[in-house]
Amino acid sequence: MTGIGTDQAKARGTLLRRLFGSRITEVVALMARLDLADAIGDGVADVGDLARAYDIPAPQLQRLLRALVSLGMCVEAGPGKVSLSETGALLRKDCPGSMYEFARFHTAAETTRPWLSLEHSLRTGKPAFDEEFGSPLYDHLGAHPEMSARFGAAMGDESRAAAEAIAAQHDFSGYRMVTDIGGGDGTLITAILRGNPGLQGTIFDTEEGAAPAVARLRAAGLADRCSIVTGDFFTAVPTGADLFLVKSTIHNWDDEHAVRILRSCRTALGDNGKLLIVDVLLPDRVQPDPAGLNPYIKDLQMLVLLGGQERTRADFDRLCAQAGLRIAGAEALPPHVGQSMLEVVRA
Ligand SMILES: C[S@@+](CC[C@H](N)C(=O)[O-])C[C@H]1O[C@@H](n2cnc3c(N)ncnc32)[C@H](O)[C@@H]1O
């Protein structure tokens with residue numbers, strides 16, 4: 001018998017899909033960049049109309065659209081007609097649950113180019129981003145307000161599910177004031193304050209990082225219940241709250257910097273305060289091919305962009321101990337969130 005066996009054919013198929021991952025990303029990235037989801041809209045769109053609107057020859061646009069149909073982003077709705085699938089509709093700008101800004105930021109040069117130097121980051125432990133763009137990511141965002149706004153909005157898209165879950169399931173009734181450290185565009189604190197009318201809030205971030213929060217708090221009618229304080233969490237974080245949050249932020253940093261943030265938190269906590277760390281928690285054993293955002297790919301993303309990393313519970317125990325803190329409990333978040341919540345107190 002000649003040819004390859006069934007198992008090898010399956011393995012080959014898996015390999016081919018892995019090797020073409022970045023090409024697939026380019027197709028979806030172009031759909032986002034062209035605002036194609038908004039152009040197709042709620043109903044059925046005519047390919048000829050779309051081709052005229054984009055000034056792309058119809059047969060060429062048809063090639064993009066059939067690739068998007070094959071990827072489950074669009075649906076064929078008759079000859080020369082397309083509509084959006086449920087997944088494709090997430091690339092509409094203003095729909096509930098929109099992932100448009102997430103898609104734009106994570107397909108931009110800032111987040112894709114450093115991946116080409118993954119080997120450099122692995123060999124040096126340093127973020128390839130700094131080599132590519134000449135400064136660390138957060139300095140670069142500080143110097144590019146448009147990209148900083150896109151980053152804040154992308155984090156908002158990514159954080160919405162976690163924010164809703166945390167606001168719904170955690171008991172905030174015993175607290176007076178909550179400070180979100182590295183609180184970004186305010187997605188998390190907005191969800192928490194909405195559900196807990198007696199609670200006051202503070203967003204602590206850099207000036208550029210907190211900028212998008214102003215409009216979000218105003219739109220939510222929460223501007224009088226939530227202040228924005230800017231500063232550097234490696235130096236100090238504001239005191240006065242009885243609950244602190246730090247979400248998707250410790251994983252941006254190497255151990256030394258992570259401990260510095262946690263030490264600032266310890267100082268602000270006082271004797272009875274509590275800190276909730278929300279981050280990816282890597283399982284002790286590698287999970288092959290995890291669903292959703294693969295945490296091991298995210299881990300490498302943290303390395304190439306920032307020199308950060310994803311961590312196990314044991315890693316967080318160690319970092320907290322170095323900062324004079326102790327993990328007193330853990331709260332699981334729904335699987336689609338892809339993160340866990342650790343309750344931290346002074347050691
Ligand atoms: C990955 S984002 C997380 C944002 C938000 N917590 C969320 O989960 O959507 C990390 C945040 O840390 C902020 N940040 C970075 N360096 C900082 C510093 N030195 N001091 C205070 N905040 C900083 C960034 O501006 C950004 O908003």
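Reckoned from all heavy atoms, side chains included, excluding hydrogens, waters and symmetry mates.
- Proximity of a side-chain donor or acceptor of N294 to a complementary backbone N or O of Y296 within less than 3.5 Å is detected.
- Applying the ring pair (Phe, Tyr, Trp, His ring centres under 6.0 Å) test to F316 and every residue at least two apart in sequence or in another chain returns nothing.
- Between D49 and R52 a salt bridge is recorded (basic side-chain N to carboxylate O distance below 4.0 Å).
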Next on the checklist: Show, in sequence, the C-alpha distance, side-chain angles and deciding distance for L243 and F172, and conclude whether the side chain to side chain contact (heavy atoms under 4.5 Å, CB included) test is met.
Outcome noted: CA-CA 9 Å; L243 181 65; F172 291 92; 3.6 Å; yes

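- Residue pairs satisfying the salt bridge (Lys or Arg N to Asp or Glu O under 4.0 Å) criterion with at least one member in residues 25-42, sequence neighbours excluded, are listed as follows: D35-K93, D38-R92, D38-K93, D42-R92.
- V280 and P295 get closest at one heavy-atom pair: CG1-CB, 3.8 Å.
- The side-chain contact (heavy atoms from CB on, under 4.5 Å) test applied to L71 returns I24, V27, V28, M73, not counting sequence neighbours.
- For K298, the NZ atom counts as densely surrounded, since its 6.0 Å shell holds more than 12 non-hydrogen atoms of other residues, nucleotides or ligands.
- If you run salt bridge (Lys or Arg N to Asp or Glu O under 4.0 Å) between D315 and each of R311, R318, R313, only R318 comes through.
- For R263, the salt bridge (charged side-chain N to carboxylate O under 4.0 Å, His left out) criterion is met by no residue, not counting sequence neighbours.
- For the residue pair N252 / T249, no side-chain donor-acceptor distance below 3.5 Å is found, with atom types taken as modelled.
- Residues G41 and L84 come closest through the heavy atom pair O-CD1, 3.6 Å.
- Every salt bridge (charged side-chain N to carboxylate O under 4.0 Å, His left out) that E343 has, sequence neighbours left out, goes to K274.
- With sequence neighbours excluded, the residues forming a side chain to side chain donor-acceptor pair (under 3.5 Å) with E110 are H140, listed by chain and number.
- More than 12 heavy-atom neighbours from other residues, nucleotides or ligands sit within 6.0 angstrom of CD on E331.
- Looking at L36 and L64, their side chains come closer than 4.5 Å, going by heavy atoms from C-beta outward.
- Listed by chain and residue number, H106 satisfy the ring pair (Phe, Tyr, Trp, His ring centres under 6.0 Å) test with F102 (two or more places apart in sequence, or in another chain).
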Checklist entry - Can you check side chain to side chain contact (heavy atoms under 4.5 Å, CB included) on V345 and L269, steps first, answer last? => result CA-CA 8 Å; V345 294; L269 273 185; 5.7 Å; no

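- Taking the side chain as every heavy atom from C-beta outward, D242 and N272 never approach each other to under 4.5 Å.
- Under the ring pair (Phe, Tyr, Trp, His ring centres under 6.0 Å) criterion, F234 pairs with W253, H257, sequence neighbours left out.
- A search for salt bridge (charged side-chain N to carboxylate O under 4.0 Å, His left out) contacts involving K81 returns D46, not counting sequence neighbours.
- By the salt bridge (charged side-chain N to carboxylate O under 4.0 Å, His left out) test, E164 is found to be paired with no residue, residues two or more places apart in sequence or in another chain being considered.
- Scanning for ring pair (Phe, Tyr, Trp, His ring centres under 6.0 Å) contacts around F204 gives an empty result, with sequence neighbours left out.
- Here the side chains of Q322 and L262 are not in contact, with every heavy-atom distance at 4.5 Å or above.
- Pairs passing the side-chain hydrogen bond (donor to acceptor under 3.5 Å, both in side chains) check and including a residue from residues 14-25, sequence neighbours excluded, read R18-D289.
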